[in-house]
Chemist: 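Quick one: the structure is below, questions incoming.
Any value given below was found using the heavy atoms of this structure, including those in side chains, with hydrogens, waters and symmetry copies removed. FYI, the numbering just counts along the sequence from 1.
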Amino acid sequence: MDNLSEALEKLKLGPGSRAPESVEGSLDCLLKALAHNNTEASMKIQEMGVLPSLPALLSSQSTCTPKVANIIAEVAKNEFMRGPCVDAGLIPPLVQLLTSPDQELLLQTGRALGNICYDSHEGRSAVQQAGGAQLVAEHIKCLSLNTEPANEKLLTVFCGMLMNYSNDNDSLQAQLINMGVIPTLVKLLGVHSHNTALTEMCLIAFGNLAELESSKEQFASTNIAEELVRLFQKQTEHEKREMVFEVLAPLAENDVIKLQLVEAGMVECLLEVVGQTVDGDREEDVAQLKTASDLMVLLLLGDESMQKLFEGGKGSVFQRVLSWIPSNNHQLQLAGALAIANFARNDGNCIHMVDTGIVQQLLELLRRHVDEGNVTVQHAALSALRNLAIPVVNKAKMLSAGVADVVLKFLQSEMPPVQFKLLGTLRMLIDTQAEAAEQLGTNDKLLERLVEWCEAKDHAGVMGESNRLLSALIRHSKSKAVVKVVIEGGGVKHLVTMATSEHMIMQNEALVALGLIAALDLVAAEKDFEGSSLVSMLHRLLADERSAPEIKYNSMILVCAVMGSEPLHREVRGLAFMDVVAKLRAHDNKTVSHQASLTEQRLTSQS
């Protein structure tokens, strides 16, 4: 420590007062002390105020300069030293050194800048102002094809410097993207794939940059997909595969890159991982199985990539995914059901899948989870059934396969995601299916649960779907029996509230259902209509200039329908309906203006 104090005192002297060999000896002493106990030596350097003397040593550019840069790199490993390094004015002379042709000097300068930037806002800001990132990016570009070991070491340090510079900082990441570092780094990955340290540094840099939306286009214009697939195929260790996965996940959110990954053979790699890990019980096997199957599902979210793998229902990948559904592994069941939901994103695929018996497999999976109760699997299987039920030709087939009966088993679920999907599945199934709508609409347990969920204010999705299913049961059945159950179950007030929704489609569905209630059983509904202020709500909808033509049309139909009730008729007379309806006779929409004339006649004849 005495030697260190002496060396530090020598370094504090002015440049003219020091013999070169004395400076070199002092620097060697510092490096030795830092190697022995970095934290203690750094504190001593800070205590004795040596940092402000170092810019002069950097600027003189002698044989000592790489050692000075090395000392700064070592000192900046300590978080408490990064701010003082910036305050001592070390950044501008360090950035100046990036113009040197000396490889050792560049290496130590890159380390120093990288360490000062690590988790330090001041460090990054100073490097940005001095233009350091631009110079490092240019070096990487110029050196990218050189595979000599010393050059690869320098590239690794420079990539690490850019990574530390931009980590968790969107604006600095955007700056690097604008500089064009992505194509350069992708080239590095290909040229230096044999160099583990450099490859890993590139992957971490990709992971940083790939989160930004603006990076995706640049990545898509490179051969990143091929490079990542090639790199992934070489990896055998769990940690190394995870590094590639961490880059793939954000990149695979882009539809162009999804297709590139599929064409580059990523899916085959993922299926291989699934095969290797499905029976493993080690923690890393479970983790890899989850990551690979999740990524597989993500690749199927792109329309083109999904169709390429579906191959008209004959694709080997599609067939393989089907085999996951009867598996005993919950993760595979989940991924299989989610994959089917993704394949079921166009009518042609849905029709093919229903014709080839997928519904029975999904029902069997759901039956297993009535008791096992895995919520994510329930949710995924219901999502798949909901999507499959969208084409009209599938509805009757799925109903006769017993889909509604199995879905109803989950009515007791207290999990909002499951509630949401089961409601959506039932709504899709009964669309245009009068008999099924009547059967479900007279199911007391279902109606009881629907009315309960119509009040689920904490879960807007469940509340909205409950209202929509309630309306759909009436609209598709057109059955007095269903209307009776809805009235007795207290559903009318929820449909009146639904008619004031901010979503036009929901408003319209509610008004049509209310119109059917009024037409089929006005006497029974009268009290509920009064209690829920139906008439004043209709007046507001008709007076509101923002109401869509369909809303105005169905509101007038409903006004005419409720005129058959004495108390409701009195309410209509008590509000200025004639004024708003008279205005609507001049409406641009012919259907609205025609209905306004009819409604006006009805109001006049019964006034």
Side-chain angles (χ1 to χ4, degrees), residues 411 419 423 426-427 430-431 434 437-457 459-460 462-542 547 550-575 577:
L411 269 183
Q419 296 167 354
L423 290 165
L426 292 174
R427 187 166 63 80
I430 62 160
D431 191 2
E438 178 157 17
Q439 204 178 342
L440 284 173
T442 50
N443 180 320
D444 291 333
K445 279 187 179 166
L446 172 61
L447 261 292
E448 189 185 319
R449 206 68 164 123
L450 278 186
V451 170
E452 183 189 328
W453 287 338
C454 281
E455 293 171 359
K457 291 188 170 55
H459 303 286
V462 173
M463 191 165 77
E465 274 295 349
S466 302
N467 278 297
R468 293 191 76 185
L469 180 55
L470 193 61
S471 156
L473 292 167
I474 297 166
R475 289 183 296 110
H476 297 301
S477 69
K478 298 182 176 61
S479 154
K480 189 166 182 174
V482 172
V483 166
K484 182 174 183 285
V485 175
V486 171
I487 294 169
E488 288 173 356
V492 172
K493 65 180 179 186
H494 296 300
L495 292 170
V496 174
T497 304
M498 180 183 171
T500 63
S501 164
E502 59 192 27
H503 303 292
M504 191 194 79
I505 192 163
M506 286 178 67
Q507 278 188 292
N508 216 35
E509 288 171 359
L511 288 168
V512 172
L514 289 165
L516 284 163
I517 292 173
L520 291 167
D521 205 344
L522 181 58
V523 175
E526 192 177 70
K527 277 201 174 71
D528 286 333
F529 281 164
E530 277 186 277
S532 56
S533 308
L534 172 71
V535 173
S536 58
M537 181 271 291
L538 291 172
H539 187 270
R540 282 197 305 278
L541 287 180
L542 288 171
S547 293
E550 303 93 302
I551 303 300
K552 291 189 184 296
Y553 173 78
N554 284 317
S555 295
M556 286 187 284
I557 295 279
L558 190 46
V559 170
C560 294
V562 301
M563 297 280 279
S565 151
E566 183 53 42
L568 294 171
H569 187 183
R570 269 200 308 275
E571 282 190 50
V572 170
R573 281 205 308 270
L575 291 165
F577 268 92

Chemist: Can you tell me how far CG of L469 sits from CG of L426, rounded to the nearest 0.5 angstrom?
Modeler: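 If we round to the nearest 0.5 Å, L426:CG and L469:CG are 6.0 Å apart.
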Chemist: With a 4.5 Å heavy-atom cut-off, do D528 and K493 have their side chains touching?
Modeler: no
Chemist: Please tell me if the side chains of I474 and V512 come closer than 4.5 Å, counting only heavy atoms from C-beta onward.
Modeler: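 No, every pair of side-chain atoms sits at 4.5 Å or beyond.
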Chemist: Is there side-chain contact between P567 and R570, with heavy atoms separated by less than 4.5 Å?
Modeler: yes
Chemist: Just by modelled atom types, is the A499 backbone N or O under 3.5 Å from a matching donor or acceptor in the Q507 side chain?
Modeler: yes
Chemist: Where the side chain of S555 meets the backbone of L542, is there a donor-acceptor pair that is under 3.5 Å apart?
Modeler: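 The answer is no, because no donor-acceptor pair under 3.5 Å joins these two groups.
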Chemist: Determine whether a donor-acceptor pair (N or O, by modelled atom type, separation under 3.5 Å) exists between the side chain of N554 and the backbone of E550.
Modeler: yes
Chemist: Count the heavy atoms of every other residue, nucleotide or ligand shown that sit under 6.0 Å from CD of E448, and state whether that count exceeds 12.
Modeler: no
Chemist: Should L473 and V485 count as side-chain neighbours, where that means a heavy-atom distance under 4.5 Å?
Modeler: no
Chemist: Going by heavy atoms in the side chains, are H476 and D431 under 4.5 Å from each other?
Modeler: yes
Chemist: Tell me, please, which residues at least two apart from E455 pass side chain to side chain donor-acceptor pair (under 3.5 Å).
Modeler: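 Per chain and number, E455 pairs via side chain to side chain donor-acceptor pair (under 3.5 Å) with H494.
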Chemist: Any side-chain heavy-atom pair from S471 and L495 closer than 4.5 angstrom?
Modeler: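 Heavy-atom side-chain distance check passes, below 4.5 Å.
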